[in-house]
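A, B, ... follow the sequence lines: proteins, then strands. Residue 1 opens every chain.
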There are 2 protein chains.
Amino acid sequence: MSMTPSESTAATSATAGTTKAVGIRERNRQELTAEILASAQRHLVEHGSADLSLRAITRDLGMASSAIYRYFASRDELLTALIIKAYNDLADRVEVADGGVSKRGDHRARWQAISTSIRDWALDNPQQWALIYGTPIVGYAAPEDTIAAATRSTRPLIQLLIDESGRSGATELVTESNTSILAPGLSNILAEIGGPAAETDVVRGLGAWAEIIGLISLELFGHLKNVVLDCDAHFTYLSNEIGTRLNFEVGP
Amino acid sequence: MSMTPSESTAATSATAGTTKAVGIRERNRQELTAEILASAQRHLVEHGSADLSLRAITRDLGMASSAIYRYFASRDELLTALIIKAYNDLADRVEVADGGVSKRGDHRARWQAISTSIRDWALDNPQQWALIYGTPIVGYAAPEDTIAAATRSTRPLIQLLIDESGRSGATELVTESNTSILAPGLSNILAEIGGPAAETDVVRGLGAWAEIIGLISLELFGHLKNVVLDCDAHFTYLSNEIGTRLNFEVGP
DNA sequence: CACAAACGTGAGCACCGCTCTTGTTTAAGA
DNA sequence: TCTTAAACAAGAGCGGTGCTCACGTTTGTG
């Protein structure tokens with residue numbers, strides 16, 4: 001059986017039932033793949049995605065430069081893996097922050113937790129932020145593998161929008177056919193997550209999301225230098241204003 | 001007198017008074033510099049900034065690969081020139097759009113002209129947009145040369161914010177000392193452009209700006225795929241809502 | 001007219017992503 | 001248990017990159 005590097009991650013534990021028969025080769029493969037990803041992550045953090053060199057990674061791991069292509073078919077495929085990891089790391093932070101709000105009806109608190117956790121993660125991981133929200137490098141169309149992780153990172157925010165839309169008793173809910181602005185496939189995501197929402201609410205929520213992403217990118221990419229002195233206060237002020245604008249208050 | 005590539009543009013027409021004595025060498029230098037920039041611009045539009053190759057440019061112009069370093073000291077310096085050009089191109093578009101609103105008191109119309117002209121330019125020049133608002137490539141700190149062009153592109157928006165702040169009779173104007181959020185140097189820019197403005201107005205204006213930049217970047221970088229079907233309508237809806245939020249109405 | 005600065009050229013260095021061939025190790029089927 | 005094919009590691013190599021340097025030429029100037 002031949003195995004291309006692309007399907008390496010999907011072919012784990014082929015023999016169901018018996019957890020024992022993994023095989024030395026399969027174990028080594030998983031371990032080396034993890035080591036490559038870890039080294040790539042280090043290089044990404046230190047030098048940025050543009051300077052990420054496959055040869056440097058192989059030098060780190062003491063292997064031949066050609067050996068890495070047994071595990072990742074190309075530099076783009078490695079970057080895609082790093083993108084997915086970045087999305088998941090961000091999603092973890094946002095989920096923990098949102099989940100930390102015990103009073104689920106306090107939409108204002110949940111909004112503050114979500115928005116500030118996004119920025120905190122970005123400040124802690126600027127290279128990873130640039131990887132997912134900066135200039136796309138792998139190609140104009142993001143690989144299919146990334147969209148699952150991408151939607152996971154925005155899921156808490158969507159959930160909050162749905163909850164708020166339900167509280168306000170919104171009509172004109174988004175369905176697959178009645179939407180003119182939003183994509184038809186979005187209604188499936190909304191339904192899968194927790195129910196429908198009004199189209200205008202979703203559109204305004206996307207505006208709030210864009211403002212958060214924009215503020216963080218402007219800050220991280222240096223566009224607020226000589227403009228904003230206290231970026232913390234600036235973000236807090238605007239995030240709070242967005243919460244007011246979207247009617248996020250303490251509910252029952 | 002020695003001349004490094006960095007100061008080539010600043011050393012034009014050294015002999016004041018006589019416009020004639022430019023010299024063949026100086027003329028050739030300016031022409032070749034312009035040709036290099038034009039070729040670089042073509043490569044940028046077609047292949048993106050990441051794949052911009054100095055050697056490909058020299059092949060285009062039929063010169064030796066090492067000759068380009070007589071005109072640009074490094075790839076970063078060429079990219080910086082392209083960034084400045086992109087900022088100025090964007091500024092031209094925004095200035096024309098804003099200047100096209102004859103009724104200067106119609107702040108709502110000016111806002112629509114400014115915001116939509118930014119997006120229109122971005123859709124027409126996605127690679128240039130990525131160059132200035134995407135991941136910074138030249139270095140974390142933008143070169144000093146770019147900030148002049150950068151502020152020029154945001155000047156109409158700042159002007160509009162000042163006009164609106166004046167209409168609403170804002171108090172607590174931004175000065176060099178009383179600001180806690182904004183940078184001290186910003187008050188100089190505000191004063192130079194057309195007068196003071198309230199700090200909260202400027203902060204909220206920055207939020208609106210971030211939302212516009214964020215919406216365009218999300219759209220161009222592929223993050224609204226499978227989310228927003230009609231990006232035109234989406235942007236128009238939110239831009240109009242921002243105008244309402246900032247009290248942009250038809251004035252006297 | 002001499003001289004120095006600016007210029008164009010080609011070779012060369014170190015690096016990159018990626019491919020191919022060669023020889024070895026592992027695992028599965030006869 | 002032995003055989004055979006797949007997976008693997010390694011090294012050479014290809015075309016490309018940014019950039020440097022030494023060389024000979026052109027140009028402007030004192």
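- Closest approach of Ser74(A) and Tyr69(A) over heavy atoms only: CA-CE2, 4.4 Å.
- For Leu32(B) and dT26(D), the CG to P distance is 17 Å, given to the nearest whole Å.
- Glu31(A) CD: more than 12 foreign heavy atoms inside a 6.0 Å radius.
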Please list, one pair per line, the donor and acceptor atoms closer than 3.5 Å that link side chains of residues 60-68 of chain B to other protein atoms, with sequence neighbours excluded.
{"unit_1": "Asp60(B)", "atom_1": "OD2", "unit_2": "Ser39(B)", "atom_2": "OG", "d": "3.3"}
{"unit_1": "Asp60(B)", "atom_1": "OD2", "unit_2": "Arg42(B)", "atom_2": "NH2", "d": "3.4"}

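- Of the listed nucleotides (dA27(C), dC8(D), dA5(C)), dC8(D) has the atom at the smallest distance from the side chain of Arg29(A).
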List the protein contact pattern of nucleotides 12-21 of chain D with one symbol per nucleotide (5' to 3'): B for base contact, S for sugar-phosphate-only contact, - for none; contact means a heavy-atom distance under 4.0 Å. -B---BBBBB
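- Taking atom CD1 on Ile68(A) and atom P on dG11(D), their separation rounds to 16 Å, with Å as the unit.
- Of the candidates dG10(C), dA10(D), dC7(C), dC7(C) carries the atom nearest the Tyr71(B) side chain, counting heavy atoms from C-beta on.
- Residue Leu61(A) is out of contact with every strand shown, counting any heavy-atom pair closer than 4.0 Å.
- Atom-to-atom, NE2 of His43(A) to P of dC15(C) comes out at 13 Å; the value is rounded to the nearest Å.
- Residues Arg152(A) and Glu95(A) are in side-chain contact: their nearest non-hydrogen atoms beyond the backbone lie under 4.5 Å apart.
- In this structure the side chain of Glu219(B) never reaches within 4.5 angstrom of the side chain of His234(B), judged on heavy atoms.
- Annotation: side chain of Ile213(A) is in contact with side chain of Trp129(A) (closest heavy-atom distance under 4.5 Å).
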